[in-house]
Amino acid sequence: MALERTLGIIKPDAVAGGHIGEIIAITEQNGFRIRGAKMLRLSQSETEAFYEVHRQRPFFAGLVKFMTEGPVIVLALEREDAVAQWRELMGATNPGNAAEGTIRKRFAENIERNSVHGSDAPETAAQEIPFFFSGAELL
Ligand code: IDP
Ligand code: MG
């Protein structure tokens, strides 16, 4: 299988909790190469655009508030089958359902404050990576 890229985000709960290093270590230990990385504070309008697909969901307003409450780390991650492998390493959206050994099982507080984001399909990754990274920022 060919190398693939996905977008990962270390969300505000995990950044504030001091888990950046541990999450990046787990990521590298699982075979991902970091091709792009930056810390930023998302604006409300950026977050609404990023999560546009969820605009009609009841949790949308809370999600935007959470994602803008503090800095995040955005990561362009590469490995074979990166999209599916990163989803597996993250664990289920609700940490109560997340498997042992996953990032969300270990660090997530609840279904909203769940530590990390990952693209849900290669086509989504192809939109989400350029949302945060210019070509020159992917190394
Ligand atoms: P995913 O992050 O596992 O792909 P999505 O369904 O795409 O999950 O939801 C995006 C984000 O919205 C979740 O990671 C979580 O932060 C939040 N979220 C999802 N479902 C709920 C919910 O039922 N209540 C509160 N927040 C939710
Ligand atoms: Mg999703």
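Every heavy atom of this structure was used, including side-chain atoms; hydrogens, water molecules and symmetry mates were not.
A salt bridge (charged side-chain N to carboxylate O under 4.0 Å, His left out) check over residues 35-44, counting only residues at least two apart or in different chains, returns the pairs Arg35-Glu78, Lys38-Glu137. Sorted by first and then second residue, the salt bridge (charged side-chain N to carboxylate O under 4.0 Å, His left out) pairs involving residues 113-122 (not counting sequence neighbours) are Glu69-Arg113, Glu109-Arg113. Under the salt bridge (charged side-chain N to carboxylate O under 4.0 Å, His left out) criterion, the residue pairs touching residues 9-28 are Glu22-Arg106, with sequence neighbours excluded.
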Below 3.5 Å, can you tabulate the donor-acceptor pairs from side chains in residues 55-67 to any protein atom, sequence neighbours excluded?
unit_1	atom_1	unit_2	atom_2	d
Arg55	NE	Glu52	OE1	3.1
Arg55	NE	Glu52	OE2	3.1
Arg55	NH2	Glu52	OE1	3.0

Tabulate below the donor-acceptor pairs under 3.5 Å that side-chain atoms of residues 89-100 make, not counting sequence neighbours, or state none.
unit_1	atom_1	unit_2	atom_2	d
Asn94	OD1	Gly96	N	2.9

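No donor-acceptor pair closer than 3.5 Å links the side chain of Ser119 to the backbone N or O of Thr6.
Linking Ile, Leu, Val, Met, Phe, Trp and Tyr residues whenever their side-chain heavy atoms come within less than 4.5 Å places Val15 and Phe107 in a single cluster. Met39 and Leu42 fall into different hydrophobic clusters, defined by Ile, Leu, Val, Met, Phe, Trp and Tyr side-chain heavy atoms under 4.5 Å apart, directly or through other members.
Residues satisfying the ring-ring contact (aromatic ring centres under 6.0 Å, His included) criterion with Phe50, sequence neighbours excluded, are His117, Phe131, Phe132.
If you take CZ on Phe32 and CD1 on Ile24, they are separated by 13.0 Å, rounding to the nearest 0.5 Å. Rounding to the nearest 0.5 Å places CD1 of Ile129 at 7.0 Å from CG of Leu138. To the nearest 0.5 Å, atoms CD1 (Ile9) and CD1 (Ile73) are separated by 11.0 Å. Note that CZ of Arg79 is 9.5 Å distant from CG of Leu3, once rounded to the nearest 0.5 Å. The distance from atom CG of Asn114 to atom CZ of Arg104, rounded to the nearest 0.5 Å, is 4.0 Å. Here the straight-line distance linking atom CG of Asn110 with atom OG of Ser115 works out to 9.5 Å at 0.5 Å rounding.
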Worked check of side chain to side chain contact (heavy atoms under 4.5 Å, CB included) between Leu139 and Phe133: CA-CA 10 Å; Leu139 302 170; Phe133 294 99; over 6 Å; no

Worked check of side chain to side chain contact (heavy atoms under 4.5 Å, CB included) between Leu75 and Leu7: CA-CA 6 Å; Leu75 301 166; Leu7 183 83; over 6 Å; no

Trace of the side chain to side chain contact (heavy atoms under 4.5 Å, CB included) decision for Trp86 with Asn30: CA-CA 9 Å; Trp86 176 244; Asn30 279 271; over 6 Å; no

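Between the side chains of Gln127 and Glu123, no donor-acceptor pair of N or O atoms lies under 3.5 Å.
In this structure the side chain of Glu4 reaches within 4.5 angstrom of the side chain of Val83, judged on heavy atoms.
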